[in-house]
**Student:** 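Structure incoming, see below.
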Amino acid sequence: MINTLMLIDDENLFHLVFEDACSLLDMALVIESLDSSDEADKRFKSWFPDSPQERPECVFVDLNIIGSSFDGIELIDRINHSYGNGVVIGIISSSSDNQEIEKAKKAGAQFWIIKSDDIEPRLEEFKEDYDGYVAKTNPFKIYK
């Protein structure tokens, strides 16, 4: 089980879908949902380097976050390279564009989940793979 999980996505309705699926799967103790990469960036900045225990264990980031200064790939890059690589992190998006997937890998994303209203099967598969992401032994994976 994941103790703390964070979702960064501009679609508030998807927050509910995601949180419900996580609850049904008994996937996380605490889920925090943010609707802006700017807010997530501020949070990680405040946790680094003095309070790394405050940051979530796992982060799901939407690719295109409307109303934010930068996209999900840049947020992943910042989290991995500016604030320490102490979290399992990946993209959750309706896009499956190969160029974007390659950019996400370069930024340090560990996985890519194709977003839909029926997200539960993908999250269940991710949950099974989670320990490998924590140990950094799993290869990058796309959950379709």
**Student:** Look at the side-chain heavy atoms of Ile, Leu, Val, Met, Phe, Trp and Tyr, link any pair under 4.5 Å apart, and say whether I2 and V134 land in one connected group.
**Tutor:** yes

**Student:** Step by step, work out the side-chain hydrogen bond (donor to acceptor under 3.5 Å, both in side chains) result for S116 and R122.
**Tutor:** CA-CA 9 Å; S116 75; R122 292 169 196 90; 2.9 Å; yes

**Student:** Hey, is the main chain of A21 close enough, under 3.5 Å, to the side chain of E120 for a donor-acceptor pair?
**Tutor:** no

**Student:** Flag the pair F60 / M6 as yes when at least one side-chain heavy-atom distance between them is below 4.5 Å, and no otherwise.
**Tutor:** no

**Student:** Is D41 salt-bridged to K45, going by a charged N under 4.0 Å from an acidic O?
**Tutor:** yes

**Student:** Do Q110 side-chain atoms and I89 backbone N/O form a donor-acceptor pair below 3.5 Å?
**Tutor:** yes

**Student:** Do I91 and I113 have side-chain heavy atoms sitting under 4.5 Å apart?
**Tutor:** no

**Student:** Identify whether L63 and I92 are in the same connected component of the hydrophobic contact network (ILVMFWY, side-chain heavy atoms under 4.5 Å).
**Tutor:** no

**Student:** Going by atom types alone, do Y130 and N138 pair a side-chain donor with an acceptor below 3.5 Å?
**Tutor:** no

**Student:** In terms of heavy-atom contacts, does CD of Q99 have more than 12 from other residues, nucleotides or ligands at under 6.0 Å?
**Tutor:** no

**Student:** Are D9 and K115 within salt-bridge range, i.e. N to O under 4.0 Å?
**Tutor:** yes

**Student:** Is there side-chain contact between P139 and K141, with at least one heavy-atom pair below 4.5 Å?
**Tutor:** no

**Student:** Taking all non-hydrogen atoms of both residues, which atom of S82 and which atom of F48 are closest, and how far apart?
**Tutor:** O-CE2, 3.3 Å

**Student:** Would you say W112's side chain and S95's backbone share a donor-acceptor pair under 3.5 angstrom?
**Tutor:** yes

**Student:** Does the side-chain hydrogen bond (donor to acceptor under 3.5 Å, both in side chains) test come out yes or no for E74 and S37, once each step is laid out?
**Tutor:** CA-CA 9 Å; E74 185 173 338; S37 59; over 6 Å; no

**Student:** Given W47 and Q53, is the side-chain contact (heavy atoms from CB on, under 4.5 Å) satisfied, shown in steps?
**Tutor:** CA-CA 8 Å; W47 294 324; Q53 72 281 2; over 6 Å; no

**Student:** Transitively linked via ILVMFWY side-chain contacts under 4.5 Å: F14 with Y143?
**Tutor:** yes

**Student:** Could you tell me whether D26 and K127 make a salt bridge, using a distance below 4.0 angstrom between a side-chain N and a carboxylate O?
**Tutor:** no

**Student:** Can E102 and K106 be counted as an ion pair, charged N to O under 4.0 angstrom?
**Tutor:** no

**Student:** Applying a strict under-4.5 Å side-chain criterion to I, L, V, M, F, W and Y, I'd like to know whether F111 and I101 cluster together.
**Tutor:** no

**Student:** Take I8 and L75 through the side-chain contact (heavy atoms from CB on, under 4.5 Å) test and state the conclusion after the steps.
**Tutor:** CA-CA 10 Å; I8 299 104; L75 178 61; 4.1 Å; yes

**Student:** Taking the side chain as every heavy atom from C-beta outward, state whether C58 and F126 have any pair of such atoms under 4.5 Å apart.
**Tutor:** yes

**Student:** Strictly distance-based, threshold 3.5 Å: is any side-chain N or O of S51 a donor or acceptor partner for the main-chain N or O of E54?
**Tutor:** no

**Student:** Could you tell me whether L29 atom CG has more than 12 heavy atoms of other residues or ligands within 6.0 Å of it?
**Tutor:** yes

**Student:** Any side-chain heavy atom of I65 within less than 4.5 Å of one from D35?
**Tutor:** no

**Student:** Following the transitive rule for hydrophobic clusters with a side-chain heavy-atom cut-off under 4.5 Å over Ile, Leu, Val, Met, Phe, Trp and Tyr, establish whether Y133 and L5 coincide in one cluster.
**Tutor:** yes

**Student:** For the NZ atom of K103 and the CG atom of D97, what is their distance to the nearest 0.5 Å?
**Tutor:** 8.0 Å

